[in-house]
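Atoms within each ligand, like the ligands themselves, are counted from 1 in listed order. The figures that follow rest on heavy atoms only: side chains count, while hydrogens, waters and symmetry mates do not.
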Amino acid sequence: MNILVIVGVLVVLSLSAVEGNWLFSSRKKTRSPVIFVPGNGGSQIETKFNKPNTVHYFCAKTQNDWYNVWLNIEELIPGVIDCWIDNVKLYYDKATRTTHNSPGVELRIPGWGDPFVVEWIDPTKNSAGSYFKDIAKALYDMGYERNKSLRGAPYDFRKAPNENEYWFKDMKKLVEDTYDQNNDTPVTIITHSMGSPMTLHLLQNVSADWKKKYIQRFISLAGAWAGSMKAVKVYAMGDDLDAFLLSGKTMRAEQISMPSLAFLLPNPLFWKPNEVIITTPGRNYTFAQLKEFFTNYYSIAILNSKVNHPTSGQRQDRKI
Ligand SMILES: *[C@@H]1O[C@H](CO)[C@@H](O)[C@H](O)[C@H]1NC(C)=O
Ligand SMILES: *[C@@H]1O[C@H](CO)[C@@H](O)[C@H](O)[C@H]1NC(C)=O
Ligand SMILES: *[C@@H]1O[C@H](CO)[C@@H](O)[C@H](O)[C@H]1NC(C)=O
């Protein structure tokens, strides 16, 4: 979930990568090629649009060429961020049970297979947008080659696996192609956060023979196996991505529209029903009372996010 803080893990991992030979395939004396699978917020997104209307007069109505919206720090400044939110948020269609973009907006995830797009989420290499770059550097120093023995598997992290079906097909093929292009060497998959359950979903849906042939190992960094408390926090308060210019409250309008956030909610296999997971001055909510939290608190939060207009001068205090 946390897109910017994996530094500690990366340091440890890159040290062991340099010192040990754990990335060598045990079946062959060749390096196991690596595929990075990012977490929520960890892929670049490009957009173009021709919108019937905008949220402010200063928001662009048309954008003819694909351009990067995630994570373009310049767009996240107060005021302008509302235009941005309207371009990346999703709308849920109760009839089809799927989500869609704002009217007139097209989005795509660039760089399939290329690790660069997960080394840097911000293609301008603004330091706030660095992601797998340190671990990638450690691997390049060992002789890994971008696009050949080191690959990236970005996806539309706004959506849960049920709306990312194309990714599972593409990922299966990427594993097979990477194996082929590296003299039939089984692949190492390195995942972060939401990338771990995404990958698990794939591995549970392929045959044991396929895994035996193509997968050397699966390394999960802070995998959100049982969901994440952070998802609860985001529903309640939003997430400022640890960026000091950003307000979690403003970001929340976009974040709570993502089905992936619901996919990442704490899992009942891990959290006990009577565990208090949300504390407010008025009352506590246990895990079993999550539904009440959504009806009591969260309906209010949606109203608040509507009145929390940057120019309206209104500000509701955080409830939690
Ligand atoms: C990797 O592949 C992408 C697209 O397939 C290409 O744009 C990029 O230049 C390649 N990078 C290298 C280092 O070959
Ligand atoms: C699982 O595999 C079946 C067929 O093997 C395929 O139709 C389906 O799309 C796969 N699902 C995922 C999530 O990969
Ligand atoms: C909420 O739970 C905490 C412990 O998790 C407890 O200290 C506190 O008194 C509870 N508050 C209410 C309002 O029940």
Fill in: Check against salt bridge (Lys or Arg N to Asp or Glu O under 4.0 Å), Arg97 and Asp93
CA-CA 5 Å; Arg97 293 177 158 240; Asp93 183 338; over 6 Å; no
Discussion item. Let's go through Glu163 and Thr99 carefully: what are the C-alpha distance in whole Å and the side-chain angles of both, what is the deciding distance for side-chain hydrogen bond (donor to acceptor under 3.5 Å, both in side chains) to 0.1 Å, and is it a yes or a no?
Written reply: CA-CA 8 Å; Glu163 289 194 80; Thr99 52; 2.9 Å; yes
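Listed by atom number, the atoms of ligand 1 under 4.0 Å from Asp114 heavy atoms are 1 (C), 2 (O), 3 (C), 8 (C). Counting the atoms of ligand 1 from 1 in the order shown, those under 4.0 Å from a heavy atom of Arg146 are 13 (C). Within ligand 1, counting atoms from 1 as listed, the ones closer than 4.0 Å to a heavy atom of Asn147 are 1 (C), 2 (O), 3 (C), 8 (C), 10 (C), 11 (N), 12 (C), 14 (O).
Residues satisfying the side-chain hydrogen bond (donor to acceptor under 3.5 Å, both in side chains) criterion with Asn101, sequence neighbours excluded, are Arg158. Under the rule for a side-chain hydrogen bond (donor to acceptor under 3.5 Å, both in side chains), Lys61 has no partner lying at least two apart in sequence or in another chain.
Between His100 and Tyr92, the distance from one ring center to the other does not fall under 6.0 angstrom.
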Go ahead and list the nitrogen or oxygen contacts between ligand 3 and the protein that come in under 3.5 Å, distances to 0.1 Å, or just say none.
from: ligand 3; atom 1: 2 (O); to: Asn284; atom 2: ND2; distance (Å): 2.2
from: ligand 3; atom 1: 11 (N); to: Asn284; atom 2: ND2; distance (Å): 3.0
from: ligand 3; atom 1: 14 (O); to: Asn284; atom 2: ND2; distance (Å): 3.4

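Side chain to side chain, Arg146 and Tyr140 meet the donor-acceptor criterion of an N or O pair below 3.5 Å.
A disulfide bond (SG atoms under 2.5 Å apart) check over residues 61-177, counting only residues at least two apart or in different chains, returns the pairs Cys59-Cys83.
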